[in-house]
Amino acid sequence: MLPLKPCLPTGAPSPPVGPNWLHEIKHDGFRMLARRDSERVRLISRRGVDWGDRFPLVVAAVEALTARSCTIDGEVIACDGDGLADFELLRYRQRDDPVTLVAFDLIEIDGLDVRCEPIEERKAELTRLLLSCRPALVVNRVFDAPGPDVFQHACKLGCEGIVSKRRGSRYAGGRTHDWLKVKNPDAPAVRREAEEDWSR
C-alpha cells in the first residue's frame, strides 16, 4: 500500500499569473484521501484516521468505481441550498445526510503509482475514472482563465478561495510551492481560522 501523505498547498497573497498554472476552487470541508483496495474503502483524514463510517455514501460511490484499486485526493463537503460548501452543515450533519467527495487528484490506480506523472495526466485519468460515478463523488473543475479572474469570481460566490497548481508538476507529499492557495478574506473558513488563532 502507498504511503498516504497528502500534498499541501503553500499560502500566497495573490494568485499566480501566466499559462503555467491551473486553477481550482478551494472548498470548505474535510481533506480526505479515498483509498480503495481489494478489501475495502478507507477515507483517510490528514491525521491518518479512517472516517469511512462517517461518510457511507462516499464509501459506496468509491466502491462502485470500475478500477480494481485507486487512491483519490479530495475534499468532503456538505452544500447549502445555493450549492456552496458549508462547513457548519458538515460539522453537525447526521450520518445519512448528503455529502460529496470533491476529487482533485489521483495518486494510484489499479496498482500503478501515478504521483510522478504530470498533473494534467493525473487529472485526465481521474476524470475518466469518475465519468459515471455516483452523486457523492465528483471531479473538481479546473479553470483555464487567468488566476486573478478565477479568484475574483470565487470570492463573489463566497467560496473559501482557490488553489493554483503548476502545470507539469508531480504529486509530492507535504508542503509544496507547486500548489498555491489564496483565500477569500471574507469567507467563513478564514473568519473561523482567525477566531481559532485568537483563542489560543
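Remember, it's a predicted structure, so these values are computed and weren't measured experimentally.
The pair D50-R42 fails the salt-bridge criterion, with no side-chain N (NZ, NE, NH1 or NH2) lying under 4.0 Å from an Asp/Glu carboxylate O. In summary, E125 and R128 engage in a salt bridge, as defined by a charged side-chain N under 4.0 Å from a carboxylate O. Contact check on K123 versus E120 returns no salt bridge, with no Lys/Arg side-chain nitrogen under 4.0 Å from an Asp/Glu carboxylate oxygen.
Put simply, V102 and I119 are part of two different groups of oily side chains (I, L, V, M, F, W, Y) that touch within less than 4.5 Å, one to the next. Cluster annotation: L106 and L130 are assigned to the same hydrophobic cluster (Ile/Leu/Val/Met/Phe/Trp/Tyr, side-chain heavy-atom contacts under 4.5 Å, transitive). Put simply, L90 and V59 are part of the same group of oily side chains (I, L, V, M, F, W, Y) that touch within less than 4.5 Å, one to the next.
A donor-acceptor pair under 3.5 Å is formed between the side chain of D37 and the backbone N or O of E39. Using modelled atom types, no side-chain atom of E24 and backbone atom of V142 make a donor-acceptor pair closer than 3.5 Å. Checked by atom type and distance alone, the side chain of D110 never pairs as donor or acceptor with a backbone atom of A67 at under 3.5 Å. No side-chain donor-acceptor contact under 3.5 Å links S45 to the backbone of M32.
Paired with Y171 under the rule side chain to side chain donor-acceptor pair (under 3.5 Å), one option of D113, D73, T176, D178 passes, and it is D73. Here the options are H23, K26, K181, the test is side chain to side chain donor-acceptor pair (under 3.5 Å), and the partner is S164; only H23 passes. Of the options R122, K165, R115, R170, a salt bridge (charged side-chain N to carboxylate O under 4.0 Å, His left out) to D105 is made by R122 and by none of the others.
In plain terms, the two heavy atoms of F87 and G29 that are nearest each other are CE1-O, 4.0 Å. Between A78 and P98, the shortest heavy-atom distance links the atoms CB-O, 4.3 Å. Counting all heavy atoms, side chain and backbone alike, P148 lies closest to P16 at CD-O, 4.2 Å. Closest non-hydrogen pair, A136 versus A61, comes out as CB-CB, 4.2 Å. Nearest heavy atoms, W21 versus H177: CH2-O, 3.8 Å.
In this structure, the side chains of V49 and I44 stay at 4.5 Å or more apart for every pair of heavy atoms. No side-chain heavy atom of F55 sits under 4.5 Å from any side-chain heavy atom of V41. Using a 4.5 Å heavy-atom threshold, the side chains of V58 and L43 count as touching. For the pair T100 and P135, the minimum side-chain heavy-atom distance is 4.5 Å or more. Residues I77 and D28 fail the side-chain proximity criterion, which asks for heavy atoms closer than 4.5 Å. Counting heavy atoms from C-beta on, the side chains of P6 and R31 come closer than 4.5 Å. Side-chain contact between L180 and P15 is absent, with no heavy-atom pair separated by less than 4.5 Å. The side-chain heavy atoms of W179 and F104, taken from C-beta on, include a pair separated by under 4.5 Å.
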Evaluation steps, side chain to side chain donor-acceptor pair (under 3.5 Å), between H27 and N140 | CA-CA 9 Å; H27 299 282; N140 203 27; 2.9 Å; yes
Given the rule in the side-chain contact (heavy atoms from CB on, under 4.5 Å) test, do E75 and L101 qualify, once you have shown the distances and angles that lead to the verdict?
-> CA-CA 5 Å; E75 192 94 2; L101 176 63; 5.6 Å; no
Please report the C-alpha distance between L129 and C70 in whole Å, then the side-chain angles of each, then the deciding distance to 0.1 Å, and finally whether the side-chain contact (heavy atoms from CB on, under 4.5 Å) criterion is met.
-> CA-CA 9 Å; L129 177 63; C70 60; 4.2 Å; yes
Applying salt bridge (Lys or Arg N to Asp or Glu O under 4.0 Å), run through D144 and R167 and close with a yes or a no.
-> CA-CA 11 Å; D144 289 328; R167 292 181 185 272; 3.7 Å; yes
Go through the steps to decide whether I72 and L65 satisfy the test side-chain contact (heavy atoms from CB on, under 4.5 Å), and finish with yes or no.
-> CA-CA 11 Å; I72 297 169; L65 295 175; 3.9 Å; yes
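The 12-atom threshold is not exceeded at CZ of R68, counting heavy atoms of other residues, nucleotides or ligands nearer than 6.0 Å. The environment of R46 atom CZ is sparse: at most 12 non-hydrogen atoms of other residues, nucleotides or ligands sit within 6.0 angstrom.
Atom SG in C79 sits 9.0 Å away from atom CG in D86 (nearest 0.5 Å). Interatomic distance, CD1 of I107 versus CD of E117, reported as 12.5 Å (0.5 Å rounding). For the atom pair NE2 (H153) and CD1 (I25), the distance works out to 10.0 Å, reported to the nearest 0.5 Å. Rounded to the nearest 0.5 Å, atoms OG (S132) and CG (L137) are 11.5 Å apart. The NZ atom of K156 sits 12.5 Å away from the CZ atom of F151 when rounded to the nearest 0.5 Å.
Under the 3.5 Å distance criterion, with hydrogens and angles disregarded, a donor-acceptor pair is assigned to the side chains of R35 and T71.
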